[in-house]
Amino acid sequence: MSTAFDAAEFRKALGAFATGVTIITTKAADGSLIGLTANSFNSVSLNPPLVLWSLAETAASLPVFRAAEHWAVHVLASDQEELSGRFARRGIDKFAGLDIETGVGGVPLLKGCTARFECKNAFQYEGGDHIIFVGQVLNFSRSESAPLVFHGGKYAHATRREAPDAKPRSAALSGSFNEGFLGYLLGRSHFQFFGQIRAQLADQSLSDDDFYLLSTLTLRPLISTSELDAGLAAVLRQPSASRLPALAERGLVAQLAMTAESDVAEYRLTEAGRDTALRLISAAKAVELEILERMGAEDGAILKSLLKRFLGVVDPDASVLWDDPTQVAGKIPGSGWDS
Ligand SMILES: Cc1cc2nc3c(=O)[nH]c(=O)nc-3n(C[C@H](O)[C@H](O)[C@H](O)COP(=O)(O)O)c2cc1C
């Protein structure tokens, strides 16, 4: 049986089939713990309960799985990408430092997965350059955590889709935007999010711009007005130099003495400024937490991942302030945001 397929193209076409990611584990006769990442897992039969997966003939673990009486399948959760990478590598102690349980036949069981199936090694079939293992499920468990997904050779997210009838509604005026317009969704979300901390800003007679300036100043020990203006381009209503003197007058920021070599003003937070910034940021984080609790942390993580990609498209320079090496060297303790 041979084909004239382009191997890379064939692999790409197979990668169009989105799968979960599993780690299959077993215990060798000499007691060593064995495991590998596999996305060839599939259900076979409900009654009797059977599952399958296939193992490359070149895999180091092949002789052990061939001889094994039991093995376990772990369906990975979306936060277990690192574990997937670890079990796809050769020549390392894959179980080092992991908190392991012991299952049927002494098979090592990993924790924190979306689902787990303990199986008896029931049948083995030749399948070209792979061996197909069919297991009879003896025990299983599952959790509500979102699964890790593999698609097109990359890790991906799985999220619930809107119900089919949740189509965006249109404005009465034809040619206007509809409910699904991205600008509407982003804008409204932004105002709802920050609306909740605006009252606190007002209490302290601080504007939105003041908040953006104070919170950005937590990123580095010292920032120049030109860096602030570049980093907050399209965020600030006015150039930073027009607002910072007022914040300095209130003792929230301090301007570094200008030298003969540099005519750019540099600012840092004072202790009072740091306290104010951190209080506001913690109020904003509380808003985030409350929203994520309502929408679900898993979908929140997906939203963040998509927004990071979105920001990379519309504002590739947004990360400039985060990237600065001095941020790591001179990071302000307890500084407010995560990028
Ligand atoms: C997402 C993903 C899915 C994989 N699926 C399989 C699979 O189904 N079968 C397989 O033999 N190898 C698969 N691999 C590759 C193995 O994990 C990798 O070759 C591993 O080193 C084999 O371990 P071993 O050589 O220690 O037995 C996959 C790797 C990744 C990252």
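One-based numbering, in listed order, for ligands and for the atoms of each.
The protein atom (non-hydrogen) at minimum distance from atom 8 (O) of ligand 1 is S40 OG, 2.6 Å. At the shortest separation from atom 27 (O) of ligand 1 among protein heavy atoms lies S61 OG, 2.5 Å. In this structure, atom 5 (N) of ligand 1 lies nearest to the protein heavy atom N39 N, 3.0 Å.
Classification of the Y212-H190 ring pair by plane angle, with boundaries at 30° and 60°, yields tilted. Between F133 and W53, the two ring planes are parallel [angle under 30°; tilted spans 30° to 60°].
Two residues are said to be in side-chain contact when any heavy atoms from C-beta on lie closer than 4.5 Å; P245 and Q255 fail this criterion. Side-chain contact check for R66 versus I131: some heavy-atom pair is nearer than 4.5 Å.
Each of the atoms 1 (C) of ligand 1 lies under 4.0 Å from some heavy atom of F150. Within ligand 1, the atoms closer than 4.0 Å to a non-hydrogen atom of A56 are 10 (C), 11 (O), numbered from 1 in the order shown. Close approach to L55 involves these atoms of ligand 1, each under 4.0 Å from a residue heavy atom: 11 (O).
Distances from ligand 1 to the non-hydrogen atoms of F87 include at least one value under 4.0 Å.
Remark: the backbone N or O of A68 is not paired with any side-chain donor or acceptor of T26 at under 3.5 angstrom.
One option in A38, S54, A88 has a heavy atom closer to atom 10 (C) of ligand 1 than any other, and that option is S54. Nearest residue to atom 29 (C) of ligand 1 from I24, T37, V21 is T37 (criterion: closest heavy atom). Considering each of R90, R86, K94, the one bringing a non-hydrogen atom nearest atom 26 (O) of ligand 1 is K94.
In this structure, I23 CD1 and H74 NE2 are separated by 7.5 Å, a value rounded to the nearest 0.5 Å.
A pairwise comparison of heavy atoms in L62 and E57 identifies CD2-O, 3.6 Å as the closest pair.
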